[in-house]
Student: 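One structure coming up, written as structure tokens, with questions to follow.
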Number of protein chains: 2
Amino acid sequence: MTTPAAARRARQLEERRSQIVGAARALAETEGWDAVTTRRLADAIEYSQPVLYGHFPQGRTEIVTAVALEGFEELASALAPSSDVPAASDVERVRALVTAYLDFAERHPATYDAMFLLPVLVPFASDETPAIVRAGFEAIADTLRRLDDPPADVPTTAEVFWGAVHGIVALRRAGRFPAVHQEERIETLVRLVVR
Amino acid sequence: MTTPAAARRARQLEERRSQIVGAARALAETEGWDAVTTRRLADAIEYSQPVLYGHFPQGRTEIVTAVALEGFEELASALAPSSDVPAASDVERVRALVTAYLDFAERHPATYDAMFLLPVLVPFASDETPAIVRAGFEAIADTLRRLDDPPADVPTTAEVFWGAVHGIVALRRAGRFPAVHQEERIETLVRLVVR
DNA sequence: GCCAGACTCTAGCACTGCTAGACAATCGCT
DNA sequence: AGCGATTGTCTAGCAGTGCTAGAGTCTGGC
């Protein structure tokens, strides 16, 4: 019994939901997550604050979560191509993977923070972990599996490798690393995994 | 012209300063940094809020910074022993380093956050970087230099290695890693660096 | 014992996330 | 077409945050 009016309303609701997520992400990328307040989000969508809670009953955290999930989707598609370039060598494939990851983190720093730093309502490392979130991990594991001399324990190696790349992003972003020498770091990391 | 009274006052001031830092750290470790509010800190030292700003003009961030600096001191002494166990093998020394680092992070999670996650008033990767902050990095670099087959570019390798260990801490702490398999991760990481 | 200066507190500002309750627009029905 | 109930939205406000101006008290050196 979905009347046309109800269908239109549902569409408008979905529209506005993605407006909220879009505004949150844009605001976070331009001014940082501290600037993403419920009042500014309400201003951005030209509604009052309580409207936000109609879409996201868990409040601000749930909005951050929505941005994070968008990010996981984009990261997965950014990493996917790296694993199946048939003509490439091991080193080239791993380098492509690392570069794609670091590029994503650098291009969308706030989104990356939502994915890996901020408190978020996604169950990680659990049975209910969304498939999209796993996809990035799988891309890393796949690349490792295709090495000429693959590691004995691929999942653990993938975790450690992922940690290493994330560590570079995190320490770099927090200013703990100098801005220069990023290429050397990439090359060093690649050579740790494949040789 | 320091009168006895002035000397006593200076001592009391120093005393109270470390009370503030101690209270901040204890509160952060037991209830998380969100619980470290200026009001609760004022309660802890039994003074009113403005007193905090007498000691730390830059406010809360400066207090977090003080905790971070304490942490860097402790991390440096935790890592120092690993590099100069003379009878040990490469693998043993690197494993000792990684284990000491991970132990520190696990025992003082909030302090670790202050050091590597939270915004802080320490200039990293600069000429004014405090010596204590550099010390941890030097411990890692030293261990690498003593390998039977040391890497060509020790500083860069130290950065990447540090990033890898930090990545494991960060992803584990944020719940992005499963709680188990930590030993396997350590062993995998050690074997990436020395073989 | 007095008085300047150091010290501390109260009270308040502007902001945060979030929500109860009043109000208005809209929809489905007769 | 117009009624009634539902849905949607807003205003106003709560309790909390970091931080600070200004009033008041206490203390040390003369």
Side-chain angles (χ1 to χ4, degrees), chain A residues 1-21 23-25 27-28 31-68 110 113-114 118-121, chain B residues 1-17 19-21 23-25 27-28 31-68 110 114 118-121:
Chain A
M1 259 317 177
T2 57
T3 67
R8 190 209 62 212
R9 264 198 326 213
R11 218 180 326 118
Q12 287 175 336
L13 227 69
E14 180 48 44
E15 165 87 10
R16 204 170 54 182
R17 192 198 127 98
S18 77
Q19 270 185 35
I20 296 172
V21 178
R25 183 169 180 179
L27 202 47
E31 300 186 43
W33 279 108
D34 280 354
V36 183
T37 70
T38 55
R39 279 166 183 81
R40 292 197 61 177
L41 283 180
D43 280 358
I45 63 167
E46 299 182 300
Y47 281 92
S48 66
Q49 294 180 62
V51 167
L52 301 173
Y53 293 84
H55 290 276
F56 302 95
Q58 316 242 47
R60 205 192 99 113
T61 311
E62 195 175 350
I63 299 177
V64 179
T65 304
V67 173
D113 283 349
L118 302 180
V120 122
L121 302 171
Chain B
M1 263 317 172
T2 57
T3 68
R8 190 209 59 211
R9 264 202 322 220
R11 218 178 327 119
Q12 287 174 336
L13 227 69
E14 181 48 45
E15 164 87 10
R16 203 169 56 183
R17 193 198 128 98
Q19 270 185 35
I20 296 172
V21 179
R25 184 169 177 180
L27 202 47
E31 300 187 41
W33 279 108
D34 280 353
V36 183
T37 71
T38 56
R39 279 166 183 81
R40 292 197 61 177
L41 281 181
D43 280 358
I45 62 166
E46 299 182 297
Y47 281 92
S48 66
Q49 295 179 62
V51 168
L52 301 173
Y53 293 84
H55 291 276
F56 302 96
Q58 315 241 49
R60 205 191 100 114
T61 311
E62 196 176 347
I63 299 176
V64 179
T65 305
V67 173
L118 301 179
V120 121
L121 302 172

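Treat the numbers as computed from the prediction; the structure is a model and nothing was measured. All chains are named by letter (A, B, ...) in the order of the sequence lines, taking the proteins before the strands, and each is independently numbered beginning at 1.
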Student: Below 3.5 Å is the cut-off: list the nitrogen or oxygen pairs between protein and nucleotides 5-9 of chain D, distance only.
Tutor:
from, atom 1, to, atom 2, distance (Å)
D:dT9, OP1, A:Arg16, NH1, 3.0
D:dT9, OP2, A:Arg16, NH1, 3.2
D:dT9, OP2, A:Arg16, NH2, 2.9

Student: For B:Glu62 and D:dG18, what is the distance between atoms CD and P respectively, to the nearest whole Å?
Tutor: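 Result: 15 Å.
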Student: A:Glu31 has an atom CD; how far is it from atom P of C:dC15, in whole Å?
Tutor: 14 Å
Student: Find out whether A:Tyr47 and A:Ile20 are in side-chain contact, i.e. whether some heavy atom of one side chain is under 4.5 Å from a heavy atom of the other.
Tutor: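 Contact flag for A:Tyr47/A:Ile20 side chains = no.
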Student: What distance separates B:Ile45 CD1 from B:Glu15 CD, expressed to the nearest 0.5 Å?
Tutor: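 Here the rounded value is 11.0 Å.
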Student: To the nearest angstrom, how far is B:Gln12 atom CD from D:dC26 atom P?
Tutor: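 To the nearest whole Å, that distance equals 16 Å.
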Student: Can you tell me how far C1' of C:dT8 sits from CD of B:Glu46, to the nearest Å?
Tutor: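 Going from CD in B:Glu46 over to C1' in C:dT8 covers 15 Å.
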Student: Taking CG from B:Asp43 and C1' from D:dT17, how many angstroms apart are they, rounded to a whole number?
Tutor: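 It is 14 Å, rounded to the nearest whole Å.
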Student: To check you understand the geometry: which heavy-atom pair defines the closest contact between B:Val120 and B:Ala114, and what is its length?
Tutor: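 In this case the closest contact between B:Val120 and B:Ala114 is CG2-O, 3.6 Å.
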Student: Could I get a table of every N or O pair under 3.5 Å where one atom is in the protein and the other is in nucleotides 19-22 of chain D?
Tutor:
from, atom 1, to, atom 2, distance (Å)
D:dC19, OP2, B:Tyr53, OH, 2.8
D:dC19, OP2, B:Arg60, N, 2.8
D:dC19, O5', B:Tyr53, OH, 3.1
D:dC19, N4, B:Gln49, OE1, 2.8
D:dC19, N4, B:Gln49, NE2, 3.3

Student: B:Phe56 and side-chain contact (heavy atoms from CB on, under 4.5 Å): which partner among B:Val51, B:Thr65, B:Val21?
Tutor: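 Single side-chain contact (heavy atoms from CB on, under 4.5 Å) partner of B:Phe56 among B:Val51, B:Thr65, B:Val21: B:Val21.
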Student: Quick one: does A:Trp33's side chain get under 4.5 Å of A:Val67's, heavy atoms only?
Tutor: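 Yes, close enough: below the 4.5 Å cut-off.
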Student: Would you give the length of the straight line joining atom CD of B:Glu31 to atom OG1 of B:Thr37, rounded to the nearest 0.5 angstrom?
Tutor: 10.0 Å
Student: Testing B:Arg16, B:Gln19, B:Glu62, B:Arg17 one by one against B:His55 for a side-chain hydrogen bond (donor to acceptor under 3.5 Å, both in side chains), which residue passes?
Tutor: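 In the set B:Arg16, B:Gln19, B:Glu62, B:Arg17, the residue that makes a side-chain hydrogen bond (donor to acceptor under 3.5 Å, both in side chains) with B:His55 is B:Arg16.
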Student: Between A:Thr38 (side chain only) and A:Gln49 (backbone N and O only), is there a donor and an acceptor less than 3.5 Å apart?
Tutor: no
Student: What is the separation between atom CZ on A:Phe56 and atom C1' on C:dC18, rounded to the nearest whole Å?
Tutor: 16 Å
